[in-house]
Protein chains: 2
Amino acid sequence: MNKEKIKNKLTEKGLKVTPQRMFIFEAIYKLNNHPTADNILDYIKDIHPHIATGTVYKVLNVLLENNLIKKVKTENDKMRYDANIESHHHLYDTESDVIEDYYDEELDKLLREHFNTKNMPDFKIEEIVLQINGKSYNSR
Amino acid sequence: MNKEKIKNKLTEKGLKVTPQRMFIFEAIYKLNNHPTADNILDYIKDIHPHIATGTVYKVLNVLLENNLIKKVKTENDKMRYDANIESHHHLYDTESDVIEDYYDEELDKLLREHFNTKNMPDFKIEEIVLQINGKSYNSR
DNA sequence: GTATGTGCAAACTTTTTGCACTTCG
DNA sequence: CGAAGTGCAAAAAGTTTGCACATAC
């Protein structure tokens, strides 16, 4: 995700393009492992020591309100942010607290079919997110 | 869930049965709509005004560590507690922040079958929780 | 030029901690 | 009786807010 694209995303939403917004938004892409506000703050403050904590939170909230990023929460964990706004599922490693994105079109199709036949008159589904808890054996 | 059963659950885990633990645990059952710590505190303090906030948090953490209750988290929301430790899914009303439990054996079977055929060598699944986001039209 | 955004510090909310005292088993 | 639990108040985390100043458009 390059600077030009990030700039366009801000402009499309009618948001002013400020340096702070640019590098905070970039940071979420770079820290692609569902960073916490704290991760983002650390990363940013290394490069731009003068940024205010309040500004980072304000920018995160503006990006959230404009659907440019998402929030992710898991049990035993604080709020995290995700620059990946496509619909996707999460593999959650219960030991390390690492969240990995999980895509599975076949599964999504299965779910769509299941809930189409299922009659749920009281609830209008907008989105289904699977949280798959377990242990990851990734060599990292 | 009666007092005797709650008492047994504590004893089985080798936990001392104190009045505080009894009525905090009971409160989570009674406030069955995935209460926050704050909901629990309000409820308890009405009946037992002398209980300390710290004690409630300590008891909640003891119950969690002993798998007697679960935590539930959603985006845009604070931590909640759930006395229902059976595996189940959640219908999350994005407008009202209400979480309803959702059971669907057929769906669980579908998921089991799907992930059995799916080869995921790097990940050992322990539990799958669907968060179904949408709008509830429940007459309440 | 003006609406919008930022920096800063203070405040707020939620949760944890340390320690003396109390209670369960 | 001794280990474990509770009460209290202080502190730690995480996040929000208000307002003067700065900047994008």
Side-chain angles (χ1 to χ4, degrees), chain A residues 3-4 6-25 27-28 34-45 47-66 68-69 71-81 97, chain B residues 3-4 6-25 27-28 34-45 47-66 68-69 71-81 97:
Chain A
K3 286 191 208 305
E4 203 50 43
I6 291 180
K7 192 176 159 183
N8 288 342
K9 287 192 175 209
L10 293 172
T11 311
E12 277 165 26
K13 300 284 181 177
L15 298 170
K16 284 191 184 171
V17 177
T18 66
Q20 289 86 343
R21 285 177 176 172
M22 286 298 292
F23 55 71
I24 291 168
F25 202 173
I28 307 169
H34 309 85
T36 60
D38 215 45
N39 296 150
I40 297 167
L41 274 161
D42 283 351
Y43 180 84
I44 301 267
K45 289 206 168 169
I47 317 171
H48 307 273
H50 292 305
I51 197 159
T53 302
T55 301
V56 174
Y57 279 104
K58 280 175 192 165
V59 169
L60 288 174
N61 286 331
V62 167
L63 297 178
L64 283 168
E65 283 157 21
N66 287 278
L68 293 172
I69 61 173
K71 277 185 180 179
V72 188
K73 247 184 189 176
T74 60
E75 298 84 51
N76 302 315
D77 204 16
K78 58 192 79 152
M79 189 64 74
R80 297 166 177 229
Y81 298 87
D97 264 3
Chain B
K3 286 192 206 305
E4 204 51 43
I6 290 179
K7 191 175 159 184
N8 288 343
K9 287 193 176 209
L10 293 173
T11 312
E12 277 165 26
K13 299 285 181 175
L15 298 171
K16 284 190 182 170
V17 177
T18 66
Q20 290 84 344
R21 285 179 176 172
M22 287 297 291
F23 54 71
I24 292 168
F25 202 172
I28 307 169
H34 309 86
T36 61
D38 214 46
N39 298 150
I40 298 167
L41 274 161
D42 283 352
Y43 180 86
I44 300 268
K45 289 205 167 169
I47 318 171
H48 305 273
H50 292 305
I51 198 158
T53 303
T55 301
V56 174
Y57 278 103
K58 280 174 192 165
V59 170
L60 288 174
N61 286 332
V62 167
L63 297 178
L64 283 169
E65 282 157 24
N66 287 278
L68 294 173
I69 60 172
K71 278 185 180 179
V72 188
K73 249 185 188 176
T74 60
E75 299 84 52
N76 302 314
D77 204 17
K78 57 190 80 153
M79 187 66 72
R80 296 165 178 231
Y81 298 87
D97 265 2

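So that the names make sense, note that chain A is the first sequence line, chain B the second, and so on, each numbered from 1.
With a 4.5 Å cut-off on side-chain heavy atoms, B:Ile51 and B:Ile24 count as touching. Contact check for B:Lys71 versus B:Tyr81: side-chain heavy atoms found under the 4.5 Å cut-off.
Residue A:Val59 is in sugar-phosphate contact alone, with no base atom involved, counting any heavy-atom pair closer than 4.0 Å across all strands shown. Base contact: A:Thr55 has a heavy atom under 4.0 Å from a base atom. Contacts of A:Val17 with the nucleic acid, taken as non-hydrogen atoms under 4.0 Å apart, involve only primed sugar atoms and P, OP1 or OP2.
Considering only the side chain of A:Ile51, C:dG7 comes nearest among D:dT23, D:dG2, C:dG7. In this structure, the nucleotide among C:dG7, C:dT17, D:dT15 sitting nearest to the side chain of B:Lys58 is C:dT17. Checking C:dT6, D:dT6, D:dT15 against the side-chain heavy atoms of A:Thr18 singles out C:dT6 as nearest.
Rounded to a whole Å, the CE atom of B:Met22 is 17 Å from the C1' atom of D:dT6. Residue B:Asn39 contributes atom CG, which lies 14 Å from atom C1' of C:dT13 at whole-angstrom precision. If you measure from atom NE2 of B:His48 to atom P of D:dG7, you get 11 Å, rounded to the nearest angstrom. Atom pair A:Leu60:CG and D:dT17:P shows a separation of 14 Å (rounding to whole Å applied). Between the CG atom of A:Asp38 and the C1' atom of D:dT15 there is a distance of 11 Å, given to the nearest Å. Atom-to-atom, CG of A:Leu10 to P of C:dT6 comes out at 10 Å; the value is rounded to the nearest Å. Look at CD1 on A:Ile24: it is 7 Å from P on C:dT6, rounded to the nearest Å. One atom, CZ of B:Arg21, and another, C1' of C:dG25, lie 13 Å apart when rounded to the nearest Å.
Summarising the geometry of A:Ile40 relative to A:Leu60, their closest heavy-atom pair is CD1-CD2, 4.0 Å, with the distance given to 0.1 Å.
Distances shown here put every side-chain N or O of B:Tyr57 at or beyond 4.0 Å from the OP1 or OP2 atom of C:dT16. In terms of phosphate contacts, B:Asn61 brings a side-chain nitrogen or oxygen within less than 4.0 Å of OP1 or OP2 of C:dT16. For A:Gln20, a side-chain nitrogen or oxygen approaches OP1 or OP2 of C:dG7 to under 4.0 Å.
Separation of atoms CG (B:Leu15) and CD (B:Glu65) is listed at 9.5 Å; rounding is to 0.5 Å.
No donor-acceptor contact under 3.5 Å links the side chain of B:Lys45 to the base of D:dG7.
The nearest heavy atom of DNA chain C to B:Lys16 and to A:His50 marks one nucleotide each, and the one closer to the 5' end goes with A:His50.
Side-chain contact check for B:Asn39 and B:Thr36: at least one donor-acceptor pair (N or O, by modelled atom type) lies under 3.5 Å.
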